[in-house]
Amino acid sequence: MFYEPAKGHGLPHDPFKAIVAPRPIGWISSINAKGDVNLAPYSFFNALSTHPHLVMFSSEGEKDSVVFARESGEFVVNLVGQALVEQMNASAVDAPRGVSEFDYAGLTPALSRMVRPPRVEGALAALECKVTEILEPKGLDGKTGERFVVFGEVVGIHIDEAVMTDGLFDIVKAGTVARLGYMDYAAVTETFQMRRPRWADTKPAKTG
Ligand SMILES: Cc1cc2nc3c(=O)[nH]c(=O)nc-3n(C[C@H](O)[C@H](O)[C@H](O)COP(=O)(O)O)c2cc1C
């Protein structure tokens, strides 16, 4: 099949997010100027560079995570492993501003080291971030104000020793959960390795 998204897909559900999958889940904790704490999952989330470590999450509408990150200039990305997947889902509740999703989801905040927003206690890794910029990307209609992308630089990284194997972060032990389309999620239960080719290792082609 082929369709133009602007004209509709004619399917029971939009397949877009099932195609762009799996997506990592940035479980974002943030704090506002008053000290209210917020927690919510964002699967429009990713890392975008290593030097420095930059990450981004995108909010459809100006949600609390954006407002809080703008106010404090900080946020924390908590890793979602299988052990906390129900709590992650609970934290997506549309709680009124001022109600902490930590309490609603039965989670305990843990102190961060470099930023004010707390981490999720029990999250097997967390990235403490400082906001670098917030953009409002346009669609072809030129409209802004409908999505907000928060970029941040990672200034501190926590890893639970339990998920380190021989000095490597062990994603299978962490049971990292990814968002798929529809109501679907995936957990990483196995991995495989490939080495990137290097041009220098290529045999020169015979000439003559
Ligand atoms: C797994 C998962 C991923 C989500 N990803 C996004 C996302 O990328 N962008 C978004 O705007 N909402 C996303 N949501 C919905 C928000 O988590 C939800 O609207 C939440 O209430 C926002 O909280 P906040 O206003 O406290 O930031 C997601 C929900 C779930 C369960």
Side-chain angles (χ1 to χ4, degrees), residues 5 13-48 54-107 109 112 115-120 122-127 129 131 133-139 143-152 171 174-188:
H13 301 286
D14 187 344
F16 173 58
K17 292 200 276 185
I19 297 169
V20 187
R23 295 182 307 286
I25 301 172
W27 198 10
I28 309 293
S29 42
S30 55
I31 196 165
N32 68 2
K34 278 198 310 188
D36 297 327
V37 167
N38 194 81
L39 178 68
Y42 284 82
S43 71
F44 289 148
F45 162 77
N46 223 313
L48 40 129
L54 291 178
V55 295
M56 52 69 62
F57 69 92
S58 173
S59 173
E60 304 204 88
E62 196 171 22
K63 295 183 181 174
D64 285 358
S65 302
V66 177
V67 175
F68 282 30
R70 184 187 285 120
E71 275 187 33
S72 67
E74 298 173 339
F75 63 94
V76 176
V77 179
N78 301 276
L79 183 91
V80 180
Q82 270 174 294
L84 290 178
V85 75
E86 293 293 340
Q87 289 89 334
M88 176 281 294
N89 195 35
S91 73
V93 67
D94 51 344
R97 193 163 292 174
V99 172
S100 168
E101 290 88 0
F102 275 90
D103 296 338
Y104 179 81
L107 291 163
S112 296
V115 299
R116 277 179 305 144
R119 296 175 290 128
V120 171
L124 296 168
L127 311 176
C129 303
V131 174
E133 57 190 314
I134 300 179
L135 302 183
E136 293 182 44
K138 297 195 260 294
K143 279 197 202 158
T144 58
E146 300 190 5
R147 58 204 77 80
F148 295 79
V149 186
V150 179
F151 294 85
I171 195 169
T176 301
V177 171
R179 184 77 173 103
L180 309 178
Y182 315 116
M183 310 288 266
D184 298 340
Y185 290 84
V188 178

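First listed ligand is number 1; within each ligand, the first listed atom is number 1.
Among Ser59, Ser65, Ser58, Ser30, the residue whose heavy atom lies closest to atom 9 (N) of ligand 1 is Ser58. Nearest to atom 10 (C) of ligand 1 by heavy atom, out of Lys63, Arg23, Lys17, is Lys63. Counting only non-hydrogen atoms, the option in Val80, Val99, Asn38 that gets closest to atom 26 (O) of ligand 1 is Asn38. Of the options Phe57, Phe45, Tyr42, Phe148, the smallest heavy-atom separation from atom 22 (C) of ligand 1 is shown by Tyr42.
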Criterion side-chain contact (heavy atoms from CB on, under 4.5 Å) on Tyr42 and Lys63, from CA distance to verdict: CA-CA 11 Å; Tyr42 284 82; Lys63 295 183 181 174; 3.4 Å; yes
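Asp64 and Ser30 form no side-chain donor-acceptor contact under 3.5 Å, judged by distance and modelled atom types alone.
Contacts between Glu60 and ligand 1, counted as non-hydrogen atom pairs separated by less than 4.0 Å, involve both the backbone and the side chain.
Considering backbone and side-chain atoms alike, Phe44 places an N or O below 3.5 Å from some N or O of ligand 1.
The nearest heavy-atom contact from the protein to atom 23 (O) of ligand 1 is Ala40 CB, 3.2 Å. When hydrogens are left out, the protein atom nearest atom 3 (C) of ligand 1 is Ser43 N, 3.6 Å; that is the closest non-hydrogen contact. Among protein heavy atoms, atom 20 (C) of ligand 1 sits closest to Ala92 O, 3.5 Å. Atom 17 (O) of ligand 1 has its closest protein heavy atom at Pro41 O, 2.9 Å. The closest protein non-hydrogen atom to atom 1 (C) of ligand 1 is Tyr185 OH, 3.3 Å. Asp64 N, 3.0 Å is the protein heavy atom nearest to atom 25 (O) of ligand 1.
Heavy atoms of Val93 approach ligand 1 to within less than 4.0 angstrom. Within the 4.0 Å heavy-atom cutoff, Phe68 does not count among the residues contacting ligand 1.
Between Val55 and Phe75 the shortest side-chain heavy-atom distance falls below 4.5 Å.
Interface atoms of ligand 1 facing Glu101, defined by a heavy-atom separation under 4.0 Å, are 26 (O).
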